[in-house]
12 protein chains.
Amino acid sequence: MPESLGVQVLHGPNLNLLGTREPEVYGFATLEQIDHELAALGKEHGVEVQCFQSNHEGALIDRIQEARTWADAILINPGGFTHTSVALRDALLAADLPVVEVHLSNVHAREEFRHRSLVSDIAVGVVCGFGPLSYRLGFEALLGQLRD
Amino acid sequence: MPESLGVQVLHGPNLNLLGTREPEVYGFATLEQIDHELAALGKEHGVEVQCFQSNHEGALIDRIQEARTWADAILINPGGFTHTSVALRDALLAADLPVVEVHLSNVHAREEFRHRSLVSDIAVGVVCGFGPLSYRLGFEALLGQLRD
Amino acid sequence: MPESLGVQVLHGPNLNLLGTREPEVYGFATLEQIDHELAALGKEHGVEVQCFQSNHEGALIDRIQEARTWADAILINPGGFTHTSVALRDALLAADLPVVEVHLSNVHAREEFRHRSLVSDIAVGVVCGFGPLSYRLGFEALLGQLRD
Amino acid sequence: MPESLGVQVLHGPNLNLLGTREPEVYGFATLEQIDHELAALGKEHGVEVQCFQSNHEGALIDRIQEARTWADAILINPGGFTHTSVALRDALLAADLPVVEVHLSNVHAREEFRHRSLVSDIAVGVVCGFGPLSYRLGFEALLGQLRD
Amino acid sequence: MPESLGVQVLHGPNLNLLGTREPEVYGFATLEQIDHELAALGKEHGVEVQCFQSNHEGALIDRIQEARTWADAILINPGGFTHTSVALRDALLAADLPVVEVHLSNVHAREEFRHRSLVSDIAVGVVCGFGPLSYRLGFEALLGQLRD
Amino acid sequence: MPESLGVQVLHGPNLNLLGTREPEVYGFATLEQIDHELAALGKEHGVEVQCFQSNHEGALIDRIQEARTWADAILINPGGFTHTSVALRDALLAADLPVVEVHLSNVHAREEFRHRSLVSDIAVGVVCGFGPLSYRLGFEALLGQLRD
Amino acid sequence: MPESLGVQVLHGPNLNLLGTREPEVYGFATLEQIDHELAALGKEHGVEVQCFQSNHEGALIDRIQEARTWADAILINPGGFTHTSVALRDALLAADLPVVEVHLSNVHAREEFRHRSLVSDIAVGVVCGFGPLSYRLGFEALLGQLRD
Amino acid sequence: MPESLGVQVLHGPNLNLLGTREPEVYGFATLEQIDHELAALGKEHGVEVQCFQSNHEGALIDRIQEARTWADAILINPGGFTHTSVALRDALLAADLPVVEVHLSNVHAREEFRHRSLVSDIAVGVVCGFGPLSYRLGFEALLGQLRD
Amino acid sequence: MPESLGVQVLHGPNLNLLGTREPEVYGFATLEQIDHELAALGKEHGVEVQCFQSNHEGALIDRIQEARTWADAILINPGGFTHTSVALRDALLAADLPVVEVHLSNVHAREEFRHRSLVSDIAVGVVCGFGPLSYRLGFEALLGQLRD
Amino acid sequence: MPESLGVQVLHGPNLNLLGTREPEVYGFATLEQIDHELAALGKEHGVEVQCFQSNHEGALIDRIQEARTWADAILINPGGFTHTSVALRDALLAADLPVVEVHLSNVHAREEFRHRSLVSDIAVGVVCGFGPLSYRLGFEALLGQLRD
Amino acid sequence: MPESLGVQVLHGPNLNLLGTREPEVYGFATLEQIDHELAALGKEHGVEVQCFQSNHEGALIDRIQEARTWADAILINPGGFTHTSVALRDALLAADLPVVEVHLSNVHAREEFRHRSLVSDIAVGVVCGFGPLSYRLGFEALLGQLRD
Amino acid sequence: MPESLGVQVLHGPNLNLLGTREPEVYGFATLEQIDHELAALGKEHGVEVQCFQSNHEGALIDRIQEARTWADAILINPGGFTHTSVALRDALLAADLPVVEVHLSNVHAREEFRHRSLVSDIAVGVVCGFGPLSYRLGFEALLGQLRD
């Protein structure tokens, strides 16, 4: 795995609130801390990590399109867009990069409409339910994928 | 009910056209007039009212997140996002404020896909079908809610 | 709006228990008090208000048929019949009067089978979720409707 | 279990025909005999038993509402209302008494629309398929419930 | 066909309004006139005809149960109960008499929920869509049935 | 009603077997006899009656198209095509003539897939379940329709 | 009822944990105690009772097949197999013995997938929701069945 | 057709990648080239053509609203929003201009969720499956529409 | 593109009525005129065009089978067979020629059952909603396809 | 089994192409060869075999009706009509002969709409997936059936 | 076809009862006789045949896994597991051998839940409805398959 | 986290084939190697790891029940039982231990019936799609869970 590998980390809507909202549920880690941890982890493995959060579907799509020019993989928590955005799916398909989907909460234990993901079947795999740890495990999975 | 109460009023996509489009259906009131009336009503009850319309889902979510810092309740007409936006729902859930949902038209008498709302079950209640009056009634309901 | 206007208020099954059952949920207002408030509100606006509650679907239909002879509008909380009574719907259709549907609770946040209403699409509009206040708001909406 | 316990037994539509209709299917026991047996059984256990049959949904609801004032439990065979009456369900919910649901026939072996019960999930339990014996078993279950 | 034949004619909810409501749709014939015509037709064929209308499901069921003691067949327009009343269906099943179902309007050309009838599959046959003529044709069909 | 009125009677697939197949079910009347009776009935009322049976969907459509040039109404038993032929429906729509649909058997009491008719909602009305009598009643209904 | 009657009692997967798991929900009775009570009850009525529990679907099927050689009826709580095992259903069908289905909990008040039983429609009847008492009532029902 | 006619061409999310992504599938034409061809075609017919692409739903809605002030028709390839955006549909409805929907790929031959379009039923017509040619054909259809 | 190219144009049931039926909807163009225009267009591009209409599914299938021997592509408006004929689909699959599907009306804006096409997913693409123009656009698309 | 036994073999639409289309999939056997083999097999067992193929549903129905007069069983590969033709099903039902259904391909491994057969439940049994061999096995099954 | 070919024959739950249960339905052949016939048939064609029946899903899976080491094909009647066992399907997929599925009864003519098979789409083909003969025909099909 | 922690690792049906079957898909790692890696990982963190694979649903349930007596958490790949075994789910519920569900393949990208898991909503979280790595990530997640 060459040093020049790059990973685009994407956080969907409302994830900017992490750590400040219901810490007893989601833990006290903020998105900033998660991004920091992923960057450190990347550094350790010689992988450049870029993180981006937006509540705007279009902004996430723009960023995915840019990722085609520099990144080797995408780690995404599409938040609420997971279940509704065909456009995001199309952007990921067009990017033609390995994608790992992560969720903080266990979506299978929530409302019926959260059981359908428009991303899962085009991702390499999915990690969900482990809070901030989901990100780290997903990142490790991505590294494993890139190493193959 | 202390004077310092605040209500964020949110209008979803296409509601900026109100009054200029099909006035025989929606009446001649513009969104500006509705906002004005709500502000006046708020003043009367010692409630600060902030109004915001956008065709951008992300912009509405941003505003809902801000509302957490100053508002005590949200009055929202999510327009077309009512039926499709899990992200908006998540923002409202995260805001953890009482929400009242209003619609100008009677959504139950329209297309099948308008019968499902992703907001209704997390709102205090719903008012729909009465044109601009829906807003005023929803606002009264919100006041009643805040008074309890 | 002439003084001779009349409104038939109808309460479906089990609403006679209001105020005596789960007051922490539904408030302490009894159906009598609600009827009294609506009558007072009507008087204020020169509208005759007749209230009627029954656990019998047929009795409610009989009353709707009579309303055709004297009332100008119907305010109805169909209770459990909301979701099951085509006959009630037909009576309302035959009455050919503006109808406003109200509910004490937020039906959208309850069992799946309460999400379908056989009345909503033939009503002018719907108010739900605000407890006894739903009635007053629905009444105001009806006045607005009659004024047009 | 104090002697003053009371049980309201309710029979839904068409159950008054019992014993006179298709005796080879439903047995020769009439509703009168069943009521008599339950009363005797109640006496034996110091429980007052009141029985009531009606083809009128409203009359059954009225009776359930009255039961709140004197009875400690309800034994009900809702007949055809089992599958269609939200109003009956609401009355039982409002009564806030333990309910046992019984059926003469095995509803699971009949038409598709008889597989859904609007009562079962709010009952303590269900007994079905054993003819008149269903009532006695249901009554025993209710006694067991009251004894706990 | 012996002279002593009897037919119970039953009209469900809202049919009492016939002739006074939307005559351009349903024609100017009142229910009284229809009953009169059926009685005359019956007399012509030596058949006693008893007509009954009610907005109360229970009252219709009571009447069906009585019909078992004197009538040889039932002609029924269940109105709105067609689509919702399992209890009515059960009463007709228990009566064990040939049933013909009639409708003034063409239920197949109306709302989706009117396409399901709980009576049709236990009736001999169905006539719908021909206004008051539906009754006469249904009656003829019943005579044909009794003659066999 | 002028003498020159004409009715096209159409019988769908397999109806040519009538009378020779399962007479204990469908009676001993042949299609020829039914056609003869309808012709006689037509003559009585000054209506020209043309009858046509085919197992070929296309042949029935051809005939419906021709009917536009001479007939005033169509009486059709589409047989198995009732549930599957959009083309037949389109032909009837294009003919722009009043249509009455008849069935020998009670389709509502048969297989699930026979409960959907592609003709019923564009017909004036439907008669089913009375064997050959269904035709005569349907014809009378058509006459009533033409008289209006 | 001859003394030689025999009843096979079958307990499905996880029921061996009874009494040791969530006693506040399921009571303190162990499966052993239930089996003992049923055996005693059987003795009282001259019925041989054999009890068997297994977490293995195949072992239960084997036992049902053996029951054909000596038992007169089967009392079964299929546990989780209730909703998924066609093979168990087939074994019961092949055994050609009267079957009574019992459940400790009220399956109708639990997850959606527990509402479908592959056993209920081939059983004589069902008892559910009464904890260990369900077994005794089911056993009584079976005795009633055998006595007929 | 006056020279002053105007057409707003809209491209939904990810269409900016055209020509650079999977050229063997979508051809080598870039969006720029398509826009250029449409502008030339427009010039030829005296029609002003404005083209706009965005990955932001809100931006597309804004543009549709502006189109009301100058354009006579809309040619739109809504991309992934086709299947999910009620807000876009509402904007098109509010614009009250003839709309033609085009797709590069044959959406009917792709994933199930691409078979539902929220635009098709409010469009004049649809062209899909012909790559960049779809746009030109759609444009011709629009001209034909404007000429009528 | 060699001169010897051939296109089979196929019109399904009822399309022979074009121009004579509801001209305000479908325009005054007859099928003959459409066929003539397509033939002229073909001549212009050195393509032999053969047109065929039938109300008989089998006749259309026969013609598709023949097309395998001389044609290079098929342009088809399957009319009502679009939604129901697996046999037609199979014939097109067996022909193994590029297919373009056209419709005069916008099928997406009509009855639910017209939303499913058994041809679309095996066609190159679809054009619908533009009246006779749909044919010409579909033909152009086919030429484009053959040129590739 | 008397020598005079007869079997009608029927091939549905597009089966005439067998052997000439996709031989790598369906093998090189033509329909003629299959018919020949079945005839030879029939001769061997003293059974007259008549084979018939048509792309016309009506022609197949006609032939089934004729088969009633001379054949003792029907072997049918209904091709695309399998999934859509109620009329064919009705013809087979009316023929009242044992039917065996065969398919060259494994319909269960193909499109969803091929999983439903309107013939299977009225057939003795089904053989599918073995190419031309399916016919021979189906024929053997039919012989076995006739021998019983 | 070399002599060393081997076929694993598998019988699912309850098939061990064959011949002793409902012989009028399933015939008098026992499973032993069927196994014997298949072994003889195999010998005739130089194929080793191993037969195995179990009521235990796991035992069947174990055997399928073993078959990978010696058999060339699998003939399976999965009985009740047909409709429910993803694990069995997975074992067959992993075995990577040609599979033929057989059933004694015509599953298409039985309960709705028997219409779905988890095996059919991964099998070469299916034979059902011919009693013990289904096995022999399925075996012949397998031989044909191995010969190719 | 005390040294005495224990984790039960469970592998469902067919997972014993890992490494020997389709190594290009699942990798060359055998189940033995995975178990070994997990044990080593456990040792490193002072966690006792017990691994168990079975093709028998009952054996897995037995093991889960035993785990209640010594383990602190369960790591499970239920294989094909994921989608069908309510009994397994019940065992996990009864064990009342934190559960992590893992899958080698991405179940969301496979057959429809693999999209439903009966385990996911009662698990802490899910990891799928990363081959043998899924196990290690799931184990890490479990450690994280135990540490909280």
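Fair warning: this is a prediction, and the values are worked out from it, not measured in the lab. Below, chain A is the first sequence line, B the second, and so on; all start at residue 1.
Proximity to chain F (any heavy atom under 4.5 Å) is shown, for I/Thr20, by both the backbone and the side chain. With a 4.5 angstrom heavy-atom cutoff, F/Leu118 touches chain I only via side-chain atoms. With a 4.5 Å cut-off on non-hydrogen atoms, F/Leu93 touches chain I through its side chain but not through its backbone.
More than 12 heavy atoms of other residues, nucleotides or ligands shown are found within 6.0 angstrom of CD on F/Gln33.
No donor-acceptor pair under 3.5 Å is formed between the side chain of F/His11 and the backbone N or O of F/Asn77.
Between the side chains of F/Asn55 and F/Glu57, no donor-acceptor pair of N or O atoms lies under 3.5 Å.
Shown here for I/Arg114 and F/Arg89, the closest heavy-atom pair between the two residues is NH2-NE, 4.0 Å.
For the options F/Asp62, F/Thr84, F/Leu88, heavy-atom pairs under 4.5 Å to chain I are most numerous at F/Asp62.
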